[in-house]
Amino acid sequence: GTDVAIKTPRVETQECSLRALLTTVQELRILRRLRHPNIVLFFGAVIDINVPAVLLVSELLTGSTLENFITTTDLSKVQKWSLLLGV
């Protein structure tokens, strides 16, 4: 099998729950069409009826985040922008 990452919304109140659902649905609309070698592969979504929530399933990556890499490596501004625009 393939290791996956599951993104779950953080919900504290009923109002946050609706906002989180709308944000997740918008992200789902974008991710299902997005294919790029520098972006994590999106596999699909699952509806958790116990919460209720929409969970996003993608490939699991290990290591540093792009933000951490950009801020902690000794790169010129041109190199940083080149990396960022390559995404």
Side-chain angles (χ1 to χ4, degrees):
T2 301
D3 291 333
V4 298
I6 299 177
K7 182 176 182 180
T8 60
R10 286 183 236 164
V11 178
E12 298 167 4
T13 66
Q14 187 73 15
E15 183 179 321
C16 286
S17 177
L18 179 58
R19 192 173 327 129
L21 178 62
L22 294 174
T23 300
T24 303
V25 168
Q26 182 63 23
E27 189 172 353
L28 175 59
R29 286 183 183 143
I30 294 168
L31 289 174
R32 69 182 180 166
R33 292 189 173 97
L34 195 59
R35 295 287 181 262
H36 191 280
N38 295 341
I39 297 178
V40 66
L41 181 60
F42 173 69
F43 292 131
V46 177
I47 297 174
D48 184 348
I49 59 173
N50 296 318
V51 174
V54 178
L55 312 176
L56 302 179
V57 182
S58 62
E59 70 178 315
L60 179 64
L61 296 182
T62 58
S64 182
T65 64
L66 177 59
E67 178 183 17
N68 188 46
F69 179 77
I70 292 293
T71 57
T72 61
T73 55
D74 189 26
L75 299 172
S76 70
K77 285 186 179 184
V78 171
Q79 290 171 316
K80 289 179 181 182
W81 278 109
S82 178
L83 283 170
L84 293 171
L85 294 174
V87 173

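By convention here, the first residue in the shown sequence is residue 1.
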Enquirer: Can you get from V4 to L41 by hopping between Ile, Leu, Val, Met, Phe, Trp and Tyr side chains that sit under 4.5 Å apart?
Expert: yes

Enquirer: If a pair satisfies salt bridge (charged side-chain N to carboxylate O under 4.0 Å, His left out) and one of its residues is in residues 34-59, list it, with sequence neighbours excluded.
Expert: none

Enquirer: Can you name the one residue among R32, K7, R33 that meets salt bridge (charged side-chain N to carboxylate O under 4.0 Å, His left out) with E27?
Expert: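 With E27 as partner, R32, K7, R33 yield a single salt bridge (charged side-chain N to carboxylate O under 4.0 Å, His left out), made by K7.
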
Enquirer: Check whether more than 12 heavy atoms from other residues, nucleotides or ligands sit under 6.0 Å from atom CG of L22, and answer yes or no.
Expert: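 Result for CG/L22: enclosed.
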
Enquirer: Dump the intermediate steps for side-chain contact (heavy atoms from CB on, under 4.5 Å) on L34 and F42, then the final yes or no.
Expert: CA-CA 8 Å; L34 195 59; F42 173 69; over 6 Å; no

Enquirer: I need the minimum non-hydrogen distance between T73 and K80, along with the two atoms involved.
Expert: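 Looking at all heavy atoms of both residues, the closest pair is O-CE, 4.2 Å.
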
Enquirer: Specify the closest pair of heavy atoms between F69 and S64, including all atoms of both residues, with the distance to one decimal.
Expert: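 For F69 versus S64, the nearest heavy atoms are N-OG, 3.7 Å.
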
Enquirer: Give, for atom CD1 of I6 and atom CG of L60, the distance between the pair rounded to the nearest 0.5 Å.
Expert: 10.0 Å

Enquirer: Does V78 offer a backbone N or O that forms a donor-acceptor pair with the side chain of S82 under 3.5 Å?
Expert: no

Enquirer: Locate the shortest heavy-atom distance separating A45 from L56; write the atom from each residue and the value.
Expert: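 In this case the closest contact between A45 and L56 is CB-CD2, 4.2 Å.
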
Enquirer: Consider only side-chain heavy atoms of I, L, V, M, F, W and Y, link residues closer than 4.5 Å, and tell whether I39 and L28 are in one cluster.
Expert: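 I39 and L28: one cluster.
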
Enquirer: Is the side chain of Q26 donor-acceptor paired with the backbone N or O of T23 at a distance under 3.5 Å, no angle test?
Expert: no

Enquirer: Test of understanding: clusters of I, L, V, M, F, W, Y form through side-chain heavy atoms closer than 4.5 Å, transitively. Do L55 and L21 belong to the same one?
Expert: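 Hydrophobic grouping puts L55 apart from L21.
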
Enquirer: Calculate, to the nearest 0.5 Å, the distance between atoms CD1 and CD belonging to I70 and Q79 respectively.
Expert: 9.5 Å

Enquirer: For T24 and V54, which heavy atoms make the closest approach, and how far apart are they?
Expert: CG2-O, 3.5 Å

